[in-house]
Amino acid sequence: MTKVLSAVAWPYANGPRHIGHVAGFGVPSDVFSRYMRMAGHDVLMVSGTDEHGTPILVAADKEGVSAKDLADKNNAVIVQDLVDLGLSYDLFTRTTTGNHYRVVQEMFETVHRNGYMVEKTTLAAISPSTGRTLPDRYIEGTCPICGYGEARGDQCDNCGNQLDPTDLKNPRSKINGEVPEFVETQHFFLDLPALANALGDWLDGREASGTWRPNVIKFSKNILEDIRERAMTRDIDWGIPIPLEGWREQPTKRLYVWFDAVIGYLSASIEWARRLGEPERWREWWNPAAEGEEPPLSYYFMGKDNITFHSQIWPAELLAYDGKGERGGAPGTFGLLELPTEVVSSEFMTMESRQFSTSRGHVILVGDMLSRYQPDALRYFISAAGPETSDSDFTWSDFVQRTNSELVAGWGNLVNRTATMIAKNFGEVPAAGPLEPVDQTVLDTVGAGFESVGDLIRRHRQRAAIAEAMRIVGEVNKYLTATEPYKMKDPDQRERLGTVLHVAAQCVLDCNTLLAPFLPFSSNQVWSAYGGKGEFMPMPRIEHVEDLDPDDGAGLGVYPIITGEYSSTPSWERRPVVVGTPVAKPTPIFTKLDPSVVEEERARLAGE
RNA sequence: GGGGCGGUAGCUCAGUCGGUCAGAGCAGAGGACUCAUAAUCCUUGGGUCGUGGGUUCGAGCCCCACCCGCCCUACCA
């Protein structure tokens, strides 16, 4: 049994999330985590909403509410969406908890003490009316090179040249149009150059493992070549205070949102352990294993826009904490912390050939999707056609197509026809007589799926994995056609009929196990349709809890978390059907979609 | 501008070290069957592998140039 940390990207709480987001980090991480639990590993799956930073403030201002109120509102929506999708977090929390503030500050203090947080004076754009940092992205003006009128502070979209905001002619804030002030300001910078060698060694080792997706490792090594110090604090009043004398008291100096967000993986693990009443348990996933013990593994799931933060910033923070850069140092109270085993990045999902855009209404929110369609239909589509190694396109016609011809007609129908024949002829799982070669062959084929499908999931090839599982489903359908149990009406054939249906039932339950990481909701329905007791795949739930450290966070009080009890997860292997288990004619598990939904949904998009 | 990824049958995509690699699924067409949500099963795939060069006995797979799409570019989470 290996300790496996599933570190899932933290959805940003400036609004509800769309299906492209959950296609990138949500479903893939859940499929992997559920499989790893089934394979007997000790999985800790953590995440939460990321709630600091300028975009939240901007969104809150626009709505005329406080940043915390906006975060509260969006956190609640996101939590509900993720539970409705069946994502099996051990803990889904937030970055505004007292626990998170404490952990982040401990990280900062130790990184600072080890010498990797250097103080520098820079010129920053400030919004005169609010005193907040205006990120380059939020400044626009006339490009000094080509004269383009709407160049951004960091880059001109017209001529492509990289710019410094101070170069812009007629600079103005994109937020409220005012002219930014450029003022000298003190900030802490993470000394990435002093960590570059250690980072390079780590990446070389990761590359040698051969397990990372090629584009992720390539990209990660590439950005290492031009590594620079990077500011880890901001002039902003929404964020975690800087835990140093003279800084803590300044209301407009806060830690950079990305410094704190990635630490969430660690703080959530600690919060999980504390809530369990075993406050040191998190160490099993984070500290090096004792002599002779299996080392913990960690997998980080995200979209490709986050690669930099997970293959550079976060490992650099860990190395700095561990004291493993050029300046040396020693770890703090957390002890030595392990770097990521794998950064598993997805590409982007587009919709009807265009990028998702919340502001333009070209979007399908998770909540809207789940209010009209089964969660497993979405999970199936994302698993089978998601942006695993290259961008992929969600279209309503593909969604209907995949749901109807693969989920309903392929898998759902196999479940249904087998159960119907058993119900009609026996009313319970019949005993098997002597097996013929055709019976043994299909049992072997299905049995081999545990190895082939499992191997593909372990290697993060989920599209291939679910395709392999569906191929096996097809083999079972072929078996029924070949054996023709529906023609065995003669009493002399009753034993043979029982044998075929017994074998078919075994295969259906095996396929159900193979598909369970992808389709947890329907796996429970199939399970009970075949007489199974209780829940097959455990599901997450929402709990409302008190902040553990009410004096240190953003003042959350009671907040919702996602958690669950997953120890009853079935193991990744054949479990023999029990002869005599009652089976009734089932109601169809998957809903077939009328082709008209394609037009309806497209109209809905156009209407928004 | 720099970096990266992709452009393979109507659609979605596989193609690891260059030599049965021109494939799979879906859609379409024909047939079989009837247990099943008109579901299932069988048969049916000649597409300049973005364009133009080059290397090689031989190239989707290597090199060069170009075209198209997408992502990143570090103070956008």
Side-chain angles (χ1 to χ4, degrees), chain A residues 9-14 50-56 58 95 122 124-125 133-139 145 152-156 159-162 164-165 187 192 214-216 218-219 222-223 225-236 256-258 260-262 302-309 312-313 347-348 350 353 355 384-385 388-393 395 397-398 401-402 404-406 408-410 412-425 463-464 467 470-471 474 476-482 484-488 501 504 585-592:
Chain A
W10 291 51
Y12 197 59
N14 63 340
D50 176 9
E51 305 181 5
H52 296 129
T54 309
I56 298 250
V58 173
T95 57
T122 60
T133 303
L134 215 41
D136 292 356
R137 171 75 182 279
Y138 285 112
I139 301 171
I145 297 167
R152 298 192 334 218
D154 53 347
Q155 170 187 338
C156 174
C159 66
N161 283 293
Q162 274 196 35
D164 189 287
H187 281 297
L192 288 164
N215 53 336
V216 179
K218 257 182 167 167
F219 182 82
N222 191 336
I223 56 177
E225 284 171 21
D226 186 25
I227 198 165
R228 294 181 209 171
E229 293 169 338
R230 201 166 158 155
M232 290 291 139
T233 53
R234 291 287 185 281
D235 292 293
I236 190 172
Y256 173 40
V257 61
W258 265 116
D260 94 71
V262 287
M302 74 214 67
K304 62 179 162 185
D305 53 333
N306 278 190
I307 294 175
T308 303
F309 301 97
Q312 182 169 97
I313 305 294
E347 304 293 301
F348 281 172
T350 53
S353 301
Q355 245 186 39
E388 192 168 278
T389 55
S390 61
D391 292 353
S392 74
D393 194 34
T395 65
S397 78
D398 276 357
Q401 186 74 258
R402 292 245 182 209
N404 287 350
S405 67
E406 298 177 28
V408 176
N413 182 49
L414 174 64
V415 170
N416 229 23
R417 66 195 297 213
T418 305
T420 302
M421 283 190 278
I422 291 174
K424 210 182 272 184
N425 291 290
R463 292 171 61 130
M470 292 304 282
R471 181 192 68 79
V476 183
N477 267 322
K478 288 188 177 89
Y479 169 75
L480 289 178
T481 301
E484 302 181 311
Y486 39 83
K487 286 186 179 171
M488 299 174 187
L501 292 181
K585 180 170 166 53
T587 51
I589 287 165
F590 298 104
T591 307
K592 186 164 182 170

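What you see is a predicted model, and the numbers here were worked out from it, not measured in a lab. A note on names: the letters A, B, ... follow the listed sequences, proteins ahead of strands, and every chain is numbered from 1. These numbers come from the heavy atoms of this one structure, side chains and all, not from hydrogens, waters or symmetry mates.
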When you compare B/rC41 with B/rA27, how far apart are their P atoms, in angstrom units rounded to a whole number? 11 Å
With rounding to the closest Å, how many angstrom separate the C1' atoms on B/rG54 and B/rA14? 28 Å
Kindly point out which of B/rU12, B/rC33, B/rC72 is positioned nearest to the side chain of A/Lys487? B/rC33
State whether the side chain of A/Asn477 and the backbone N or O of A/Gly410 hold a donor-acceptor pair below 3.5 Å, judged by distance alone. yes
Determine the minimum heavy-atom distance between A/Phe309 and A/Val262, stating which atoms define it. O-CG1, 4.0 Å
How is A/Thr420 classified with respect to the nucleic acid when contacts are heavy atoms under 4.0 Å: base, sugar-phosphate, or nothing? sugar-phosphate
Base, sugar-phosphate or nothing for A/Ile307? Non-hydrogen atoms, less than 4.0 Å. nothing
Base versus backbone protein contacts along nucleotides 23-31 of chain B [heavy-atom cut-off under 4.0 Å; B, S, -]: --SSS----
Distance between the C1' atoms of B/rA22 and B/rA36, in whole angstroms? 37 Å
Can you measure A/Ile589 atom CD1 to B/rU37 atom P for me and round it to whole angstrom units? 12 Å
What interatomic distance, in whole Å, is found between P of B/rG4 and the corresponding atom of B/rC66? 15 Å
Dot-bracket encoding per residue of RNA chain B, Watson-Crick/G-U cut-off under 3.5 Å, | denoting interstrand: (((((((..((((.........)))).(((((.......))))).....(((((.......))))))))))))....
Taking atom P of B/rU34 as reference, at what distance in whole Å does atom CD of A/Glu484 sit? 8 Å
OP1 or OP2 of B/rA36 less than 4.0 angstrom from a side-chain nitrogen or oxygen of A/Lys424, does that happen here? yes
Minimum-distance nucleotide to A/Ala231 side chain [options: B/rC75, B/rA36, B/rC41]: B/rC75
Rounded to whole Å, NZ of A/Lys304 lies from P of B/rC5 at a distance of 11 Å
Does B/rC42 have its OP1 or OP2 closer than 4.0 Å to a side-chain nitrogen or oxygen of A/Lys478? yes
Of B/rC75, B/rC72, B/rU40, the nucleotide closest to the side chain of A/Thr481 is B/rU40
Between protein and nucleic acid, restricted to nucleotides 49-51 of chain B and to nitrogen or oxygen atoms under 3.5 Å apart, what atom pairs and distances do you find?
none

Interatomic distance, A/Leu480 CG vs B/rC41 P [rounded to whole Å]: 10 Å
Using a 4.0 Å heavy-atom cut-off across all strands, classify A/Pro485 as base, sugar-phosphate, or nothing. nothing
Euclidean distance, atom CG of residue A/Asn477 to atom P of B/rU34 [Å, nearest integer]: 16 Å
Pick the C1' atom in B/rC17 and in B/rG7, then give their distance to the nearest Å. 24 Å
State whether A/Arg463 places a side-chain N or O below 4.0 Å from either non-bridging phosphate oxygen (OP1 or OP2) of B/rA14. no
So if I take every side-chain heavy atom of A/Ala409 and compare against B/rA14, B/rA39, B/rC75, which nucleotide ends up nearest? B/rA39
Within this structure, what is the CE-to-C1' distance between A/Met421 and B/rA39, rounded to whole angstrom? 12 Å
Among B/rC33, B/rA39, B/rU37, the one nearest A/Tyr486 by side-chain distance: B/rC33
Heavy atoms under 4.0 Å, any strand shown: does A/Asn416 hit a base, just sugar-phosphate, or nothing? base
By nearest nucleotide on RNA chain B, pick out whichever of A/Arg417 and A/Lys592 is the more 5' one. A/Arg417
A/Asn416 to A/Pro586 - nearest heavy-atom pair and separation: OD1-CG, 3.2 Å
Rounding to the closest angstrom, what is the interatomic distance between B/rU51 and B/rG60 at atom C1'? 14 Å
Students often get this wrong, so: under 4.0 angstrom with heavy atoms, is A/Phe590 touching a base, only sugar-phosphate, or nothing? base
Taking any heavy-atom pair under 4.0 Å as a contact, classify A/Ser392: base, sugar-phosphate, or nothing. sugar-phosphate
For A/Gly412 and for A/Thr54, locate the closest nucleotide of RNA chain B by heavy-atom distance; then report the residue assigned to the nucleotide nearer the 5' terminus. A/Gly412
Assign A/Val408 to base, sugar-phosphate, or nothing according to its heavy-atom contacts below 4.0 angstrom with the strands shown. base
Between the base of B/rA36 and the side chain of A/Asn413, is one N or O donor paired with an acceptor at under 3.5 angstrom? yes
How would you label the glycosidic angle of B/rG60: syn (within 90° of 0) or anti? syn
